[in-house]
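Just so we're on the same page: letters track the sequence lines, and every chain starts at 1.
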Amino acid sequence: MKTLKSQNKSFSQEIYTWYSLFGRNNLPWRKNISPYRVWISEIMLQQTQVKTVIPFFNKFIKKYPTLKSIASASEDDILALWTGLGFYRRAKNIYKTKEIIKNDFKNRFPKNFDELILLPGIGRSTAGAIMSIAYQESYPILDANVKRVISRYKKIDLNGKDCTKQLWLTSEELTPEVNIFEYTQGIMDLGATVCTSKSQDCMRCPVNKNCKSAYEDINTRPKVKKERSKKKIYFTLAHSNDSFLLFKKNEKSFWESLWVPYDTNGLKGNDIFKEPANKKITNINHLLSHMELDITVEIVDYKTPFKVKTNLEHEWISKDQIHNYGLPKPIMTIIENHG
DNA sequence: AAATCGTGGTC
DNA sequence: TGACCAAGATT
């Protein structure tokens, strides 16, 4: 019988070995690993670069180091720690999930994939990451790194139909039963440092031998051509005695549940404000992923805070308390710079 | 199932 | 410098 046992190590073994030599071991969520910390980091890392997440993760963990410590946190508490990070639904989902874990799991972090994937904000990839990193059980992931690495390795067209299904099947095939922790971290590190979206350093790649795209100058990026719709927003930001009048945004749209100035809804003369002692208008162009905001903010200064006649949820928030509230980045910037 | 959901890194 | 895109999930 012809035994064609390959002299080469398998894909996962190569990744494992490479990780032990070149893995990024200094990332904060790779220290003191717990299911809770893995969960928080994985949520923050969704569609967000490592470099961006690091300070947010550290700040979050400093305030809420454990599942127990976050048990009684409010949604606003969690949103406050998300200010400036974006995709604020993630923070709301962290709130929902910790409530579910508290009420339905006796505040013990779920250990099964089937339980994890039912939790808000945890999809297949995040559940797989928690299983493999926190519990060291063999589950595939499919984040941007894995997508890129295996699509090049197997030459899967990222613009093709059903490519997501193919990618998941491929990720399953390549995912090992053993050393799952190192493999999962390793393939992400490989995608982040060697096989990046803008450069393919095939010379340093541990799986270049069987890679169908090795040393090819290919572009595996999917075509994304999205028109950004434009939206005008008119805010009136009342300020007095170092406090700012903010309203909780309750529409099911962007920045939901964050605190913003009064939205005049495009009406020039607004109803709930008296004539201010001083006013100033600033204009900001702010990009979201799917739209372009043209924000006009009229900052109106008053000698003393006044009672606001409205049914809208609102508060006068002092500057030293502002960081306990969830605000969109551009609004936070305006407030920090005013005064 | 295409749209929605943020912000900053990177070149 | 504008454009791509990043440890995706949800509806």
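- Reading DNA chain B from its 5' end, the first and the last nucleotide to sit under 4.0 Å from a heavy atom of chain A are B/dT4 to B/dT10.
- In terms of the side chain to side chain contact (heavy atoms under 4.5 Å, CB included) criterion, residue partners of A/S41 (sequence neighbours excluded) are, by chain and number, A/W29, A/L45, A/F57.
- In the region residues 39-47 of chain A, proximity to DNA chain C at under 4.0 angstrom, judged on heavy atoms, holds for A/E42, A/L45, A/Q46, A/Q47.
- Taking the P atom of each, C/dA7 and B/dT10 are spaced 11 Å apart, rounded to whole Å.
- Within residues 123-140 of chain A, no residue approaches DNA chain B, by heavy-atom distance under 4.0 Å.
- Residues satisfying the side-chain hydrogen bond (donor to acceptor under 3.5 Å, both in side chains) criterion with A/E137, sequence neighbours excluded, are absent altogether.
- Scored by the side chain to side chain contact (heavy atoms under 4.5 Å, CB included) test, A/N145 finds A/D143, A/R148, A/M188, A/A192 as partners (sequence neighbours excluded).
- A/M203 forms part of a hydrophobic cluster together with A/Y215, judged by ILVMFWY side-chain heavy-atom separations under 4.5 Å.
- By the salt bridge (Lys or Arg N to Asp or Glu O under 4.0 Å) test, A/E336 pairs with no residue at all, sequence neighbours left out.
- With sequence neighbours excluded, no residue satisfies side-chain hydrogen bond (donor to acceptor under 3.5 Å, both in side chains) with A/E313.
- Interface residues of residues 76-102 of chain A facing DNA chain B, ordered by number: A/G84, A/L85, A/G86, A/F87, A/Y88, A/R89; criterion, heavy-atom separation under 4.0 Å.
- Checked against side-chain hydrogen bond (donor to acceptor under 3.5 Å, both in side chains), A/S243 has no partners two or more places apart in sequence or in another chain.
- A/K51 meets the side chain to side chain contact (heavy atoms under 4.5 Å, CB included) test with no other residue; sequence neighbours excluded.
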